[in-house]
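Report on the structure given below.
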Amino acid sequence: MEETLLDMKFQVSPEAFFQINVPATEVLYSMVADLVNASSSATVLDICCGTGTISLCLAKKGAKVIGIEMCPEAVENARLNATNNGLPDVAFICGKAEDVIHTAIVKCNTSEIIAVVDPPRAGLHQKVLKAIRATSKIKKLIYVSCNSNAAYTNFVDLCRTPSNNYRGCPFYPVQAMVVDMFPHTPHKELVMVFERVENLET
């Protein structure tokens, strides 16, 4: 099927994830793009990118983006969507985030990386979170959560004191916003912005 989102067309396969409340999704993704505010020296790493919706919304604003997604059909959609919307320079890597995160980080050939994560309800895999923590180039992280209770452990691990398990400087939360994705239900999208604590480098 085809959906229109922020003046772009998206092909969506049956196996691929796509937010079903399009007007609310436009609010959410516009918010994410504003929060990313990527400079020309930064690359955005879009983890759990699905059909490339956030990736392309960011690329449309001039960001360099690399997306990671485990669903092959969604990656096919994402590549086709990038071409169809005139954004062929966005790169997509197919694989579980915990298996390809290091490859993706190497491909981010810039001095600064901004991570955007929009994981499934269970949150980020610990291997992904530890890789983000250990990568000093990642100065900022935008976390989109559809289940803040499940994501709470991720938030704590991003911010905890450095240790053998959690290398690299911790992050700290600087901003939080909520998008009412499904009105008259308890479901919402929480957007958290984390920045790196530079002066605690170990």
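FYI, the numbering just counts along the sequence from 1.
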**OP:** Give a yes or no on whether Y152 atom OH has more than 12 heavy-atom contacts from other residues, nucleotides or ligands under 6.0 Å away.
**Re:** no
**OP:** Say whether V75 and I66 are linked into one hydrophobic cluster, either directly or through other cluster members, by side-chain heavy-atom distances under 4.5 angstrom.
**Re:** no
Original post:
Can you hop from V65 to F18 via hydrophobic side chains spaced under 4.5 Å?
Top reply: yes
Subject >> Exam field: side chain N21 to backbone M181, donor-acceptor pair closer than 3.5 Å >> reply: yes
Subject >> Chi angles and distances behind the side chain to side chain contact (heavy atoms under 4.5 Å, CB included) call for T43, N109 >> reply: CA-CA 8 Å; T43 299; N109 212 4; over 6 Å; no
Subject >> Greater than 12 external heavy atoms within 6.0 Å of D7's CG >> reply: no
Subject >> Main-chain N/O of V27 paired with S30 side-chain donor or acceptor, under 3.5 Å >> reply: no
Subject >> Under 3.5 Å donor-acceptor, N147 side chain and A150 backbone >> reply: yes
Original post:
Going by the salt bridge (charged side-chain N to carboxylate O under 4.0 Å, His left out) test, which pairs reach into residues 123-147, not counting sequence neighbours?
Top reply: K139-E198
Subject >> Atom of Y143, atom of P119 and distance for their closest heavy-atom approach >> reply: OH-CG, 3.5 Å
**OP:** Working to the nearest 0.5 Å, report the span between CG of D157 and CG of N165.
**Re:** 9.0 Å
Subject >> Pair Y172 and F194, ring centroids less than 6.0 Å apart >> reply: no
**OP:** Give a yes or no on whether the backbone of P170 and the side-chain of R160 come within a donor-acceptor separation of less than 3.5 Å.
**Re:** no
**OP:** State yes or no: do V117 and L129 share one hydrophobic cluster built from I, L, V, M, F, W and Y residues joined by side-chain heavy-atom distances below 4.5 Å, directly or via other members?
**Re:** yes
Original post:
How many angstroms lie between atom NZ of K64 and atom CD1 of I114, to the nearest 0.5 angstrom?
Top reply: 11.5 Å
Subject >> S55 versus V90, closest heavy-atom pair with distance >> reply: CB-CG1, 4.2 Å
Subject >> Distance-only donor-acceptor check, side chains N84 and Q11, under 3.5 Å >> reply: no
Original post:
With distance as the sole test, does E69 use its side chain to make a donor-acceptor pair with the main-chain N or O of G50 at under 3.5 Å?
Top reply: yes
Subject >> Check: R79 main-chain N/O paired with T83 side-chain donor or acceptor under 3.5 Å >> reply: yes
Original post:
Are any side-chain N or O atoms of N81 and backbone N or O atoms of N77, one a donor and one an acceptor, separated by less than 3.5 Å?
Top reply: yes
Original post:
Does the side chain of K9 come under 3.5 Å of the side chain of T4 through a donor N or O and an acceptor N or O?
Top reply: yes
**OP:** Look at the side chain of N154 and the backbone N and O of L124, then say whether any donor-acceptor pair between them is shorter than 3.5 Å.
**Re:** yes
**OP:** May I have the step-by-step check of side chain to side chain contact (heavy atoms under 4.5 Å, CB included) for K107 and T103, ending in yes or no?
**Re:** CA-CA 6 Å; K107 282 182 176 287; T103 300; 4.3 Å; yes
Original post:
According to a 4.5 Å side-chain heavy-atom criterion applied to Ile, Leu, Val, Met, Phe, Trp and Tyr, with indirect links allowed, do M1 and L5 form part of one hydrophobic cluster?
Top reply: yes
Original post:
Which value, rounded to the nearest 0.5 Å, describes the distance between Q19 atom CD and T51 atom OG1?
Top reply: 10.0 Å
Subject >> L141 and F171: CA distance, side-chain angles, deciding distance, side chain to side chain contact (heavy atoms under 4.5 Å, CB included) verdict >> reply: CA-CA 8 Å; L141 182 143; F171 288 83; 4.3 Å; yes
**OP:** Heavy atoms only: give me the nearest C146-E189 pair and the separation to one decimal.
**Re:** CB-OE2, 3.4 Å
**OP:** Specify the closest pair of heavy atoms between I68 and G95, including all atoms of both residues, with the distance to one decimal.
**Re:** CG2-O, 4.0 Å
Subject >> Considering all heavy atoms, the nearest C94-P72 contact >> reply: SG-CA, 3.8 Å
Original post:
Is the CE atom of M31 crowded by more than 12 outside heavy atoms at less than 6.0 Å?
Top reply: yes
Subject >> Nearest-0.5 Å distance, CG of residue L56 to NZ of residue K61 >> reply: 14.0 Å
Original post:
L45 and I101: side chain to side chain contact (heavy atoms under 4.5 Å, CB included), yes or no, with the steps?
Top reply: CA-CA 9 Å; L45 192 56; I101 181 74; 4.0 Å; yes
Subject >> Distance (rounded to the nearest 0.5 Å) between S136 OG and R196 CZ >> reply: 6.5 Å
Original post:
Quick one: CD on E76 to CD on E15, what's the gap to the nearest 0.5 Å?
Top reply: 12.0 Å
Original post:
Can you check whether T153 reaches V156 side chain to side chain, under 4.5 Å on heavy atoms?
Top reply: no
Original post:
Is there a side-chain contact between V179 and K188 (heavy atoms, below 4.5 Å)?
Top reply: no
Original post:
If you look at every heavy atom in A24 and D180, which pair is closest and at what distance?
Top reply: CB-O, 4.3 Å
Original post:
So do I142 and V191 actually touch side chain to side chain, heavy atoms under 4.5 Å?
Top reply: yes
Subject >> Side chains of F17 and C71 in contact at under 4.5 Å (non-hydrogen atoms) >> reply: no
**OP:** Indicate if F155 and V144 have the same hydrophobic cluster label, given that clusters are the connected sets of ILVMFWY residues with side-chain heavy-atom separations under 4.5 angstrom.
**Re:** no
Original post:
Quick one: salt bridge (charged side-chain N to carboxylate O under 4.0 Å, His left out) pairs with a partner in residues 17-43, sequence neighbours left out?
Top reply: none
